[in-house]
Each structure stands twice: as C-alpha cells, then as structure tokens.
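Excluded from the calculations below are hydrogen atoms, water molecules and symmetry mates; all remaining heavy atoms, backbone and side chain alike, are included. Computed from a prediction, not measured in an experiment: that's the story for all the values here. Numbering of ligands and ligand atoms starts at 1, following listing order.
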Amino acid sequence: MSHTPTTAASLTARAATVIARCRELARITDVPGETTRLFLSPATRDAHTLLSWWFRQAGLEVRTDAVGNLRATRHSPHANAPTLVLFSHIDTVPNAGAFDGPLGVLVSLAAIEQLSATPLPFHIELIAFAEEEGVRFGFPFLSSLAVTGQLTPEHLARTDADGISVSEAITAFGLDPANIPTTCSLPPRTFAALEIHIEQGPILDKSDSALAVVEVIVGQSRLEITFHGHANHAGTTPMSLRSDALAAAAQWIVDVEHYAANYTQLVATVGRITTLPGAVNIVPGTVRATLDVRHPKDESRHAAVAHLLTKAEAAGTLRGVRVHAAVQSEQRAVPMDRDLTHHLRQAAARAGYDANPIFSGAGHDAMILAAAVPTTMLFLRSPGGLSHHPDEDVRPEDVEAALATLVNLLLHLHPRP
Ligand SMILES: [Zn+2]
C-alpha cells in the first residue's frame, strides 16, 4: 500500500461506515421485512431524509431535482471550476440486497468525507438517482435520461401497476414535472462522470480481485422467435407426419446454448417460451421464444444473432416448421471514456490495487451518461457473484479498495480544458 498507516486506518473505518450505512438504508423499504424501494415511493422519501442528513453532515449542499434525484454538491474554491459527477441509484428491485446502487452513492460520500477541506480544482456533484431498475414503470434509466435531456413525454406518460403515470408520481412526490428541463440537467461544465457499482457477476470473485474498471457496457439484442408448425392429435398423428414447433424450438435452444458457450465473451439466453395450444394431448403448433444476445462488440453480436437465426431455420426445416423472427430491441455497446478509465485504473494502482479492465454484461446509468459526458465505472467484487438477492454482499476490504481508489482519483484528476 502506498498510503500512510494513519490514512489506511481511517479508510478501513470509513469502509465499515459505508457498509453500515448501506445496511441502514436497506431497512428503508416499501415492503416490510425485505428491501424493496421503488421510484418516488414513500420509502424513497425516507431514504432522501436519511441521505440528506448524511450529505449535510459532510458539508454538502443538497437539493432534489424535478424527477426526484437527490443531488449534493461540494464546491471548489474556484467558483467557475468545472464539475465532476459521482453517481449511482437508490431504487431497488423487489426483495433486493443492500448494495446494488446505494454502495456507489455511499462510497462516493465517504471519499468526499475523507477529502475533508482539501481544495480541489473542480466541484463535485454526487447524484443519487431515484430510478434505474425500471421496476415501477417497466422502463429503466428514467433518472439518467432526465439528467441527459432525453426524457420524453412518452416516458412521462408511462403508468405503473395502479395506472399512475410518471408525471403524476412526480407531482404526488411534491415535485413539478414542468421543472425537469431547468432542474435536472448536468451542472454546466461537467467534465467527467463516475459510477461505482458492485459487479453483480462472478468474474472478480473467480479471479480473486477486489476491483475492475469497466471498458465497455455490452450491447444487447432482444428478439422474439416464432416457430409455426401444425397442431394435431397427439395420438393419431404418426411421428413422421408431424410439424412439432416445440421440438424444433427445443433443438434450437440447445443450439443457442452450445454456440454461445463456444464463442468468446458471448452470452445468449432463451428466457421464456410459450407453447400453443399447450395441451398434453396436442402436438405443439406454435412456439414463441425470446432470445437475448449480448457481446461487447456490436459486429460480433450481430453476427451471432444472424447465425442463431439460421440455426432456428435449420431446426424448423427438419420438421416442416416455419420460423419468424422479430427484433424487439437493440442496444449498442457503449464504451466507457478511454482516458477517464485509464486515470481510474492508475488511481487504483497508486492506492495499491489492480483494477483490470472488464466489460459489464448488465446495463447501467453510466451508458446513458456516456452519451453526454466522459463517463466510466469502477466495479467491486460481488462475493459469490450474487446480486438482485437479499444475500447480496460486499467485502469490507474491497470497499476500502474502492474508497482508496476514488480518493486517489479525486486528488490527482485534472479537469480537461
Ligand atoms: Zn444497480
């Protein structure tokens, strides 16, 4: 370690505080007995109260923007200085763990606390995004879309399970959607943005590493594949005269698994199938299957999708089953800013840690912000690769590593001209 024993001791204590705060925040929930905190819910308000208290204790200026993001500012002595944005989200999936989202907010806060009065040549804005997971309105990244000016009237008109629109939820929270353009945008002269997040996968755990820098957030294709065969009597239709849509789909699903397993960095998943008519005594006539394909390189993803569609055709042809594919969504791979990622990796090295580049197989707000400002991410090991689960955890020494890295970055980062 390059830091002094005194600093190390205090970073160890600060890491313990970060974990304790994440656990305390996790007790603020819309559903008693678990951690479920939805966008603009009563629990969000209580989370804001607690976070605001911690932010103000750290000397930060706190406000809530018009989509409910809690924003805390640390001012540079230079009034016209540019701004570094640190961010993560505080909404959760149902029955969540304590760390997906809040950890990034609270490590960032701890780094600011560690800086104490050290003057920096930039302001820091810490943003706790109110919506990332997409649970309440069935659509993710509403917060980061708002801060990058991409939130549309269609987004605001989306409704939750009770028929309440995003606009109405904002109003019910005591905010005014009309103020989104004036209150949500990134600070003027924002020169960089950083999200700290748990990996939510097994790569760091398997390689026994505390940290990684994220090079790219993978692109994703989602398709629906329909296999059209012929439904017929399961007793009277000889095997040689069948067009069994489910048998074709089944063969194809195994092909998908086999192909992705042998293709570097590719993941491909058939997550849902629907069989019609779906009766025990009828040869399946129609099968609808979803296909989710992800890869850090767009060309490789497109090639994989094309190949998997020819495999579906082949499985269908063997049985007289027609195949129809419909693309439902395409998300391009989003590279993180190369310079900023390099600086982050160097900061980790100076603090005594290796943070090798990896890619993120999950989507994050960082991919939305990357369109507006140089952005990168720091990942922490997820013990057991476990996330979106109440047993989701972090190791104290990994939190200390992330904290030491961020403090080091803040002390060495120079705003770009
Ligand atoms: Zn998250």
Result block: side-chain N/O donor-acceptor pairs under 3.5 angstrom for residues 332-340, not counting sequence neighbours:
from, atom 1, to, atom 2, distance (Å)
Asp337, OD2, Asp339, N, 3.4
Asp337, OD2, Leu340, N, 2.9
Asp337, OD2, Arg416, NH2, 2.5

Residues 302-312, side-chain donor-acceptor partners within the protein, below 3.5 Å, at least two apart:
from, atom 1, to, atom 2, distance (Å)
His302, ND1, Asp298, O, 3.2
Thr310, OG1, His307, O, 2.6

For the Zn ion (ligand 1), every protein N/O/S atom that sits closer than 2.8 Å, waters excluded: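 Checking every protein N, O and S atom gives His89 NE2, Asp100 OD1, His197 NE2.
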
How are the rings of [X] and [Y] set relative to one another: parallel (under 30°), tilted (30 to 60°) or perpendicular (over 60°)?
X      : Y      : answer
Phe139 : His155 : tilted
His295 : Tyr263 : perpendicular
Phe379 : His197 : tilted

Any pair counted as salt bridge (charged side-chain N to carboxylate O under 4.0 Å, His left out), so long as it reaches residues 364-387, sequence neighbours left out: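 Those involving residues 364-387 are Asp208-Arg381, Arg381-Asp398.
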
